[in-house]
Visitor: 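Here's a structure for you.
Values below: all heavy atoms of this structure, side chains included; hydrogens, waters and symmetry mates excluded. Position 1 is the first residue of the sequence, and the numbers go up from there.
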Amino acid sequence: MTTNASLPELEAIVRQFAGVEGGMLPALHAVQHHARYISKDLIPVFADVFNVTVSEVHGVITFYKDFRTEEPAGPIVQVCRAEACQSRGGRDVWDRALLAGDSKKVVVEEVFCLGHCALGPAVSVDGRLIGGVNETSIETIIGDAIAKRIPEPSIDTTGEGVTVYVPRDAASRAAGADDVAAAFAKQKGVRVVRNGSWGMLWLEPMIEVATKEGRVAYGPVLVDDVPSLLSADVLNGGAHPLRLGLTTELPWIKRQQRVTFQRVGVVDPRSAQDYEAHGGIKGLKRALGMSPSEVVTEVTDSGLRGRGGAAFPTGIKWRTVLEAPGSTKYIVCNADEGDSGTFADRMLMEGDPFMLLEGMTIAGWAVGANTGYIYVRSEYPEAIEALNKAVDAATEQGWLGSNVLGSGFAFTIHVRVGAGAYICGEETALLESLEGKRGVVRAKPPLPALEGLFGKPTVVNNVLSLGTIPAILADGAASYAALGMGRSRGTQVFQLAGNIARGGIVETAFGITLGELVNDLGGATESGRPIRAVQVGGPLGAYLPSDKFNLPMDYESFAAAEAMVGHGGIVVFDDTVNMAAQARFAMEFCAAESCGKCTPCRIGSTRGVELIDKITAGINRDANIEVLVDLCEVMADGSLCAMGGLTPLPVRSALKNFTEDFQG
């Protein structure tokens with residue numbers, strides 16, 4: 001990136017996107033990446049290239065938090081303020097960051113999730129993730145940013161000899177995996193493979209050594225541990241205090257039923273050959289031998305429901321698009337994973353991106369679509385890189401392109417990057433953003449399945465939904481439907497986050513209890529203090545006390561308890577949490593991230609913050625609690641989408657389950 005780019009040079013960049021459908025956001029990103037900001041002098045150029053008004057261009061730029069029209073003072077330091085990081089001291093880190101960056105050559109910004117929810121508080125420096133930040137280390141981080149001390153680039157799979165697996169996903173890299181990989185790569189007779197994380201994030205960086213008995217795990221391994229590991233004959237699985245045993249025999253892994261995540265941690269995510277060698281493309285091959293209608297029936301019979309939070313039956317959505325008239329249809333993957341406590345989408349995209357591409361291609365064949373888009377949040381640079389490389393490799397293999405696997409079916413996938421708007425996780429706002437507009441929620445009907453992207457029938461599915469499709473087609477609907485309970489079939493990828501001793505990914509069949517996840521697998525709190533509350537389902541999910549830990553993790557049980565499973569994120573809080581403050585944050589978050597289209601969400605959230613401030617200050621407490629309850633009803637019933645409609649859920653649950661925190 002440079003700040004010395006000339007206007008003609010930047011104008012040429014913009015004009016490269018002429019004729020690109022929905023090219024406004026990619027063009028804005030390209031200019032800002034080149035110059036670090038978007039000069040206001042370029043706004044007429046954008047208007048000309050994309051045939052819109054100057055005011056529309058200005059509206060798009062100002063809607064998204066990532067875009068800036070003034071040159072930044074220095075590196076961009078984003079500090080996560082979301083609930084998972086708050087539970088581990090994130091509020092104090094944010095306050096200290098503001099002081100440390102004040103009047104210095106650095107930009108300190110808030111962000112409401114960086115997807116590093118198991119090892120927070122998290123910070124990003126110009127896109128580079130750092131975890132486990134505290135009040136002291138944030139000052140060092142900001143100082144290093146100002147001094148432009150940048151780590152060495154990450155290495156790829158390299159070398160020949162004994163295979164040592166060192167993960168390269170964002171969470172592992174934030175813990176120091178790149179330095180560990182570089183240290184092993186310097187050893188003769190060592191082949192370093194950069195796999196994805198197995199999801200035991202408290203053990204990262206967790207390395208594995210391929211032995212005759214299987215892959216032996218060690219962790220957490222820091223670069224300073226490498227000499228002692230080598231002295232302990234680690235390349236032959238030697239004994240060492242960090243030795244964990246065979247990866248597949250570890251209790252955390254043995255308790256899981258991995259379907260969607262069956263290859264995450266196992267394969268090199270940059271290798272198409274590794275993907276195919278471990279069962280990849282089997283589902284696509286079977287699908288291409290079936291009629292589109294037969295594929296849709298298979299997905300319907302599996303019982304798969306949307307894993308993004310709404311839990312709508314995937315097969316019904318596909319059938320609607322298949323039967324919709326028109327020759328142009330689209331597959332859109334919603335990878336705008338912005339909920340606090342959720343990071344499964346990121347880990348799948350970084351650890352097994354080909355599975356997502358395969359799922360999208362099967363979806364395209366099933367409904368008659370020839371083009372797919374993956375909309376990824378900008379806070380996931382490693383995932384974006386992994387997806388782009390996977391698209392190139394899949395195209396080279398003939399898995400994508402004009403003649404998929406020689407079938408005559410054409411399917412292409414484009415990776416598009418969001419720009420810091422949480423609301424774009426809502427499917428219609430996402431479609432608006434893909435079209436190059438402000439991410440404002442659309443009224444429904446019409447449904448996207450009938451009038452979606454560019455007004456055409458569109459399948460919009462979450463990463464985990466699409467990532468599960470290859471397994472369903474490869475193994476059959478009955479195999480997937482045999483897992484789970486009631487109407488919640490198959491598996492869910494639960495994410496243990498916040499103040500938890502053992503945070504990470506647990507994929508298992510629906511029906512495991514909340515307590516089993518949090519206490520048995522998660523090991524209770526990282527702080528060692530008693531658990532007071534757990535938020536399930538992201539920032540719009542309910543706060544549940546420990547007496548709800550017997551709840552089975554399935555959609556219907558949670559709905560009956562006035563809660564929701566959502567995307568499967570679980571954020572743990574110990575007994576130091578103030579639940580009135582968390583309720584206030586829910587309203588504050590809604591006010592900050594609302595698209596502004598509907599009054600209940602835009603104004604209601606602002607009034608909610610004011611009411612909770614009055615309640616905690618003891619001002620007409622009972623009367624204001626009554627007004628807050630009424631406001632929650634208005635927001636729930638009158639909002640256009642789930643942003644305003646579900647914000648009352650954490651507020652109501654905090655009022656109901658933790659009343660004492662509102663009494664001053």
Side-chain angles (χ1 to χ4, degrees), residues 116 118-119 129 131-132 151-152 154-256 258 261 263-270 274 278 347 350-352 382 496 500-506 521-523 526:
H116 196 44
L119 296 173
L129 187 64
E152 292 295 317
S154 177
I155 66 168
D156 293 324
T157 293
T158 186
E160 294 181 0
V162 177
T163 300
V164 178
Y165 295 86
V166 185
R168 73 178 304 163
D169 64 290
S172 302
R173 294 182 65 190
D178 284 348
D179 291 338
V180 175
F184 274 106
K186 293 175 182 176
Q187 307 303 314
K188 291 183 178 179
V190 172
R191 175 175 178 255
V192 174
V193 173
R194 305 305 304 272
N195 59 326
S197 169
W198 281 83
M200 296 173 281
L201 297 182
W202 76 96
L203 293 174
E204 294 297 356
M206 188 187 88
I207 71 165
E208 301 168 88
V209 179
T211 71
K212 290 183 294 183
E213 290 74 30
R215 285 162 64 164
V216 178
Y218 297 79
V221 175
L222 300 179
V223 67
D224 291 342
D225 298 316
V226 174
S228 68
L229 284 165
L230 291 168
S231 297
D233 198 23
V234 67
L235 299 182
N236 288 304
H240 188 276
L242 296 178
R243 191 181 192 275
L244 303 169
L246 292 173
T247 305
T248 53
E249 294 299 312
L250 297 178
W252 177 276
I253 298 299
K254 290 191 74 173
R255 286 200 58 174
Q256 299 189 42
R258 291 200 163 190
F261 268 59
R263 277 179 291 270
V264 177
V266 178
V267 299
D268 176 353
R270 304 292 171 91
D274 209 5
H278 287 83
M347 290 190 66
E350 293 171 358
D352 194 9
E382 287 89 353
L496 305 185
I500 193 162
R502 298 193 291 267
I505 289 292
V506 177
L521 282 157
E526 186 269 341

Visitor: At what distance, to the nearest 0.5 angstrom, does NZ of Lys212 lie from CG of Asn236?
Guide: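 If we round to the nearest 0.5 Å, Lys212:NZ and Asn236:CG are 8.5 Å apart.
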Visitor: Can you confirm whether Val193 sits close enough to Val164 that some side-chain heavy atom of one is under 4.5 Å from a side-chain heavy atom of the other?
Guide: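 Heavy-atom side-chain distance check fails, nothing below 4.5 Å.
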Visitor: If you round to the nearest 0.5 Å, how far is CG of Leu496 from CH2 of Trp252?
Guide: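 Here the rounded value is 4.5 Å.
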Visitor: Quick check: does any side chain N or O of Trp202 sit under 3.5 Å from a backbone N or O of Gly503, one acting as donor and the other as acceptor?
Guide: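 No: the side chain of Trp202 does not pair with the backbone of Gly503.
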Visitor: Return the minimal non-hydrogen interatomic distance between Gly176 and Pro205, and the atom names on each side.
Guide: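 In terms of heavy atoms, the two residues are closest at C-CG, 3.8 Å.
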Visitor: Supply the atom-to-atom distance Ser172 OG to Leu201 CG, rounded to the nearest 0.5 angstrom.
Guide: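 One finds 7.0 Å between OG of Ser172 and CG of Leu201.
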Visitor: State, to 0.1 Å, how close Gly351 and Pro269 come at their nearest heavy-atom pair, and which atoms those are.
Guide: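 Reported closest heavy-atom pair: O-CB, 3.5 Å.
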Visitor: If you apply the rule side chain to side chain contact (heavy atoms under 4.5 Å, CB included), what do you find for Val209 with Tyr165, and how did you get there?
Guide: CA-CA 6 Å; Val209 179; Tyr165 295 86; over 6 Å; no
Visitor: Could you check if a side-chain atom of Val190 sits within less than 4.5 angstrom of a side-chain atom of Glu160, using non-hydrogen atoms only?
Guide: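 A side-chain contact is absent here, since even the closest heavy-atom pair is not under 4.5 Å.
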Visitor: Are the side chains of Ser197 and Met347 in contact, using a 4.5 Å heavy-atom criterion?
Guide: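 Met347 reaches Ser197 side chain to side chain.
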Visitor: To the nearest 0.5 Å, how far apart are CZ in Arg194 and CG in Asp156?
Guide: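 Atom-to-atom, Arg194:CZ and Asp156:CG are 8.0 Å apart.
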Visitor: Hey, does Ile505 have a side-chain heavy atom less than 4.5 Å from the side chain of Arg258?
Guide: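 Counting from C-beta outward, Arg258 and Ile505 do come under 4.5 Å.
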Visitor: What I'd like to find out is whether the side chain of Asn195 reaches to under 4.5 Å of the side chain of Asp268, using heavy atoms alone.
Guide: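 Asn195 vs Asp268: side chains apart.
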Visitor: Provide the closest heavy-atom pair for Glu204 versus Pro167 in the form atom of the first, atom of the second, distance.
Guide: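 Nearest heavy atoms, Glu204 then Pro167: OE1-CG, 3.4 Å.
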Visitor: Might you work through the side chain to side chain contact (heavy atoms under 4.5 Å, CB included) test for Val266 and Val264, ending with a clear yes or no?
Guide: CA-CA 5 Å; Val266 178; Val264 177; over 6 Å; no
Visitor: Quick one: are Ser154 and Arg173 in side-chain contact, heavy atoms under 4.5 Å?
Guide: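 Touching, per the 4.5 Å side-chain cut-off.
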Visitor: When rounded to the nearest 0.5 angstrom, what distance separates CZ in Arg243 from OH in Tyr218?
Guide: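 Spacing of CZ (Arg243) from OH (Tyr218) equals 5.0 Å.
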Visitor: Of all heavy-atom pairs between Ile155 and Ala185, which one has the smallest distance, and what is that distance?
Guide: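 So the two residues come closest at CD1-CB, 3.7 Å.
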Visitor: So which heavy atom on Thr247 is nearest to which on Ala217, and how close?
Guide: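 Taking Thr247 first and Ala217 second, the nearest heavy atoms are OG1-CB, 3.5 Å.
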Visitor: Evaluate the criterion side chain to side chain contact (heavy atoms under 4.5 Å, CB included) for residue pair Val180 and Ile207; output intermediate values, then yes/no.
Guide: CA-CA 9 Å; Val180 175; Ile207 71 165; 3.9 Å; yes
Visitor: Quick one: closest heavy-atom pair of Leu250 and Leu244, and the distance?
Guide: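 Taking every non-hydrogen atom into account, CD2-O, 3.3 Å.
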Visitor: Does the side chain of Thr158 reach to within under 4.5 Å of the side chain of Arg191, using non-hydrogen atoms?
Guide: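 With C-beta onward as the side chain, the pair stays apart.
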Visitor: Do Thr248 and Lys254 pass the side chain to side chain contact (heavy atoms under 4.5 Å, CB included) test, and can you show the C-alpha distance, the side-chain angles, and the key distance before you say yes or no?
Guide: CA-CA 7 Å; Thr248 53; Lys254 290 191 74 173; over 6 Å; no
Visitor: Quick one: CG on Asp352 to CG on Asp169, what's the gap to the nearest 0.5 Å?
Guide: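 The CG atom of Asp169 is 12.5 Å from CG of Asp352, to the nearest 0.5 Å.
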Visitor: Side chains of Arg168 and Glu382, heavy atoms from C-beta outward: is any pair under 4.5 Å?
Guide: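 A side-chain contact under 4.5 Å is absent here.
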Visitor: Using side chain to side chain donor-acceptor pair (under 3.5 Å), reason through Asp225 and Ser228 one step at a time and then give a plain yes or no.
Guide: CA-CA 6 Å; Asp225 298 316; Ser228 68; 5.0 Å; no
Visitor: Using salt bridge (Lys or Arg N to Asp or Glu O under 4.0 Å) as the criterion, list what pairs up with Arg215, not counting sequence neighbours.
Guide: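 Arg215 satisfies salt bridge (Lys or Arg N to Asp or Glu O under 4.0 Å) with Glu208 once adjacent residues are dropped.
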